[in-house]
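Okay, structure first, notes after.
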Amino acid sequence: MTRDERHIYSRISRRGFMGATASATLAALAGREPALARAMQTPKPTADAVIVLWMAGGMAQTETFDPKRYTPFAPGVNIRDVLSTFPQIDTAVDHIKFTKGLEQIGSVIDRGTVIRTFNAADLGFILHSRHQYHWHTGYIPPQPMAMPHIGAVVSRTLGPKNPDVPAFIAIGQTVEGAGEIGTLKAFHTGGFLGTEHGPFLIIDPQDAASAVRPPKGLTDARFKTRRQLLEKLLAQEPVHTYGSDFQRESLVRSLDAADRLLNSPSAKAFDLSLEPKKTFDVYNTGRFGQGCLLARRLVEAGARYVEVTSEYIPFVYWDTHEHGHDRAEAMKKVIDAPIAQLIRDLEERGLLDRTLVVLASEFGRDAMTEGKVGKEVKDQAINIPDVMAEPRHYGMHRHFTAAGSILMFGGGIKKGFVYGKTAEERPCTTIENPVIIEDLHATMYHALGIAPDTSYVVERRPVYVTRDGKGKAIRELFA
Amino acid sequence: VQKPRVAVIGLAGCLWGATILTVTSAGPSPAQSPSPLIDFQKQVQPILAESCLECHSQDKRKGGLSLATYADILEGGRSGAIVRPGNSAGSLILDRVTGGVEPQMPKDELPLDDPQIALIRLWIDQGARATPTSAPAPPPWEAPLALSAPPVPALRWATWKDPIDRFVADHLATRKRPEPVTVSDARFARRAYLDLWGLLPTPEQVQGFVADRNPSKREALVATLLADNDKYAQHWMSFWNDLLRNEDGVSYFSETAGRKAITDWLFASLVSNMPYDQFVRTLLNPAAPTDPDGFLIGVNWRGETSAAVTPWMQAGQNTAQIFLGVNLKCNACHDSFVSKWKLKDAYALAAYFSPEPKLRLYRCDVAQDVYAEPGFLFPELDRSPVSDALKDRKATAAAIFTDPRNGRLARTVVNRLWHRLLGHGIVTNPDEMDGKPWSPALLDWLASDLAAHNYDLKHTIRTILTSRAYRMPAVSRRGEAPARGYVFDGPEVRRLTAEQFGDAIGAITGEWSLRPTPRPPGTPPPAPGASDPLTVGLYAREWRVASSNLSRALGRPIRDQVISSRGQQATTPQALELVNGELLTRWLARGAQRMIGELPPEPRSLFNKTVAGRNASSSKFDIDISNASRLWLIVDDFGSNAPERVLPMWADAELVGPSGAQPLSSLTPIESSNLRGGVRPASLGSSVEPVRITAPSRLVFDISGKGFTRFRGTMALENSRSEIGSTLNPQVRFLVFDAEPNLARLLPPAPDVPLPAPPVITNAADVVDQVFRYLLGRAPSVSERSLAERAIADAARPGKVSAEGLSDLLWAVLMKPEFQLIY
């Protein structure tokens, strides 16, 4: 995809605002949404909004939030002896250490929790998008029904916080395209909950404002005239003649809903150019950093679920198959300042207490293990020798499912807390408190006041928001 | 609502849970019965609870039967209904408890005592009421397996003569409905064209049809439209793609069972109108290399898979759902809580399609010490494969599914067609064919008629389209259909599908969606040193192109699951895409320009080459430029990981003329963008200084009068080998033009279009006429005309049509419910 196309896609990819009014009137009138079966006990919410910071492509935990013994680069070193390629650093909390390059996030971890033991499913031969699907829906594909993204579940279950801001906004991921990128469509969806709850996709944060402005090539004036022309033509239409009143009404009403959202004062939240330059610059480490800023603005304006991704592109960003050290260093430069600033800004605005921020990735990485512990399969795409010869060979180049790091801030979560423990020696696997996706989701839902056995009735049977309704919120994480 | 049950954690989500019950009781009915009415809750339920629930609870469901609730009891089990209200003698439950039918129930326990049996008998004979104040329960509906040949009812209304008409007339008249009117010719034509070709009729076609004096012109139109095999197939592809989960170009990278499109076979089978039984046989038992083996392979992701969704389990679930209207999704993981189907039923069906003939059962992904062998859902039709070989098992499945005694095959497909064409099935849910049809006789007549006509789907479509029922005025659809008491009062108003919407734009403007192709079909791959194809992409009908935000917003599904009907509702995301989406805006902008003949030209390059990938390598070129007076040299990045770090260059570039070769770097471009400096010598080790650029770059050289005949050199990247790998993954294209290129379309599509391009219109009145007549099937009113003409007038060019104005008019008309609905 060219930059131009990317640019264009970022504009055409707006899937949907769902204002409360719009959602209530349109979807309810249509009467086609699966019924909600409330759980027996609904937890008391400690958060009203969620920001997920998605480290797409498999973030190496030993290069970030779970430091192990540091081994500097030297030709001739066996990659088996390399656990971390960064030295360990202190953070704001005595007992929490990160790796070099995460000083800023380290300085705010006294507001949050580190989970070191996310255990991704063992699915054999790794496909990133399949694990991402699992992380984002709680179900492993293929599935006999279209499973909704967790953001769609939040949107459907809680509705929007502010009717003028889409409840579920996804920032930074292209889903159009051939190959594995195209498979991301499978979970960037409202699934059986319907398109009303699908993600409002913003590819390029700097371009987000265009999502709420007339499309490129159309001036404001023309946009208005065009709309007036439609109104006049509708007024000319012989009443009760064409189509049924109900369907006619719902079509017209949906256009009105779109208009209202485009013209809402909240639409300003999308426009990063309204942010003071000083703040913008702090966030501006590129698209991800800008995405963090946009997420903050949207949550301030009343968004319910916002996800910002570092973007998944095979072999790029966190998907390190070579140059792992350099790539991790570059990625840390991208995420460190904006994430720390996001936490500080939310705190300063009094929003952190009621906003749950979650940083996560589909799995971790290792230099030797591929997938689950005990498996060592060589990379099929890029050959890395067992003994390092050049910097290209230095880093975590394989996928690791037995431990991965998660950060959580705000929304009732403990401060300066560590959950889970991994071994100090390879394979650095989980030795205490494994966290599986069902329980992570249950924890996030718990914070939002959604019981893990909340279900929707689809094809006459209940489908639970955590698999089988069995997710268990990790109570130790809550303050 | 019951509490959810505990499930074993397995690999995949097994959607294990509680039955959702709604026990509805009719209004009060005064007790007329001589004996006091039995109270089900107080008198019958306790007997069943004590003696039967151990096996017939909602989770055990022995024999597919639950006796846990009133609704369960009336629903029955594998052997069908157990209670026939008002008829205890015909009720299986009594045969079982008395031992009249073996085995006697409760099995291996003491039988019920006589007063208990008498109580149940009396309760049934009193009408099996939910409560003493309820009305008697309606007779149970049991979907039969075999087809009946119902007699066609007597004539009710003089012109309602054909069988469908008589069934519908009967249905309406018994419900005290007057004889319906039928829709106008123009409206009929719009429906018929959209349903058979997926296209709007042109103004000329509507005009011709309305003017036609032939009394049987509607039948003639349907016949004509059906006779165009290609257009019929182009439209019905979407319907079958949704059902069969067929999507081009989508892979989930399974290492063992990659997704395989069946597009070519499906299209050919629609073109040839393959008999439906043969169609199903071929899908179930693909043998020839061109046969659709992708259907049984299904949707598989790389890595390990839950036992419930192996390719053969998917095949079992999908064939049952698509061809028989049976939902096996629950019981692919555990015995169903909402139907009579068991885990072993799903496995037995899958065993026709599995590599091994014996399948080990997994309950919620836990292996059981139980194995399934091939077995059909309806044991009456079961037969043993000739051998255990997969090909024999598939052949057997194909034979059973299409066995003439299997009435569900025809019933399910005619119901799907009716649902598609009239907006509401004869059985409401086309995936649940155990549901009660609003006219069992009509359903069976249609199904028998299909079977009697060699499973000719076009025959059934023709029969439906020429019926009075199809000509009735459309009725409003308001949310979910009522579960009971549906009356067919006419076709439901439908939305245009995403494909019909897009094709309408293509047809009126001549601007269609683009289907990218590496090279046009039938053209050989480029020879070494030759240019890449000069055109990329073909204009295509909407079904052919990949889904877009626009088409997905308009309801085109992601085809990972079987889709039987698309959402009809207007949603906010959809409206945003229509109001604010750039794709539609650009489409209409170009379409309007094309309609009035003002689309800018899109010259083809003389030569172009892609330098791309983790192993991107350079390309030599040597091209004839003897007719060129100017050269445009373009370099475009179409997706490098870090475009700013990619260093393209025109290396060794020379122009050859009468006085020998002259380096390109020695000429001064008359226009240039993104030239870059360079200090390193060109990596190719040549003496000729390269022209270095960064993409996107556009260089224009005036070479008129210089007599150059050849332009040669190397399209290359200056980056080091180690950078080119996964770090940059460069995607760069070099192009040479001898005419000013259209930068928006460096590689224009091939000029062919799916339908003959409409003539260019430049007169405002004609343009307005065309827009209304084509998109709405009618002339504009005086006031509409004046509004529209004002909207498209070009302020800067009096008397001319403004392309911008026209695209706005097109947009406004496309937004009208009058356009978006089929009514």
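Throughout, a chain's letter reflects where its sequence line sits, starting with A, and its residues are numbered from 1.
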Evaluation steps, side-chain contact (heavy atoms from CB on, under 4.5 Å), between A:Thr183 and B:Phe253: CA-CA 10 Å; A:Thr183 68; B:Phe253 302 93; 4.0 Å; yes

Most contacts with chain B, counted as non-hydrogen pairs under 4.5 angstrom, among A:Glu459, A:Glu180, A:His321, A:Lys232: A:Glu459

Which residues share a side chain to side chain donor-acceptor pair (under 3.5 Å) with B:Ser564, sequence neighbours left out: B:Arg416, B:Asp431

Check: B:Asp560 side chain, A:Gln143 main-chain N or O, donor-acceptor pair, under 3.5 Å: no

Greatest number of heavy atom pairs closer than 4.5 Å to chain A - which of B:Arg790, B:Arg302, B:Lys329: B:Arg302

Validation row: B:Asn641, A:Tyr317 side chains within 4.5 angstrom (heavy atoms): no

Heavy-atom side-chain contact between A:Leu218 and B:Asp808 under 4.5 Å: yes

Contact winner vs chain B - A:Arg227, A:Arg222, A:Arg327, A:Glu231, heavy-atom pairs under 4.5 Å: A:Arg222

Which portion of B:Phe819 sits near chain A, non-hydrogen atoms under 4.5 angstrom: neither

Which portion of B:Ser251 sits near chain A, non-hydrogen atoms under 4.5 angstrom: backbone

Greatest number of heavy atom pairs closer than 4.5 Å to chain B - which of A:Gly124, A:Pro314, A:Gly217, A:Gly371: A:Gly124

Flag side-chain contact, heavy atom, 4.5 Å: B:Glu784 against A:Leu233: yes

Residue among B:Asn318, B:Val562, B:Leu787, B:Asn729 with most heavy-atom pairs under 4.5 Å to chain A: B:Leu787

Side chain to side chain contact (heavy atoms under 4.5 Å, CB included) partners of A:His323, counting only residues at least two apart: A:Asp326, A:Arg392, B:Thr727

From CA spacing to verdict: side-chain contact (heavy atoms from CB on, under 4.5 Å), B:Glu582, A:Ser210: CA-CA 10 Å; B:Glu582 196 149 329; A:Ser210 74; over 6 Å; no

For chain A, the option from B:Met815, B:Gln314, B:Lys816, B:Gln321 that forms the most heavy-atom pairs under 4.5 Å: B:Lys816

Interface moiety of A:Asp256 toward chain B, non-hydrogen atoms closer than 4.5 Å: neither

Main-chain N/O of B:Pro573 paired with A:Glu196 side-chain donor or acceptor, under 3.5 Å: no

Best-contacting candidate, B:Glu804, B:Gln820, B:Arg614, B:Gln317, against chain A by heavy atom pairs under 4.5 angstrom: B:Glu804

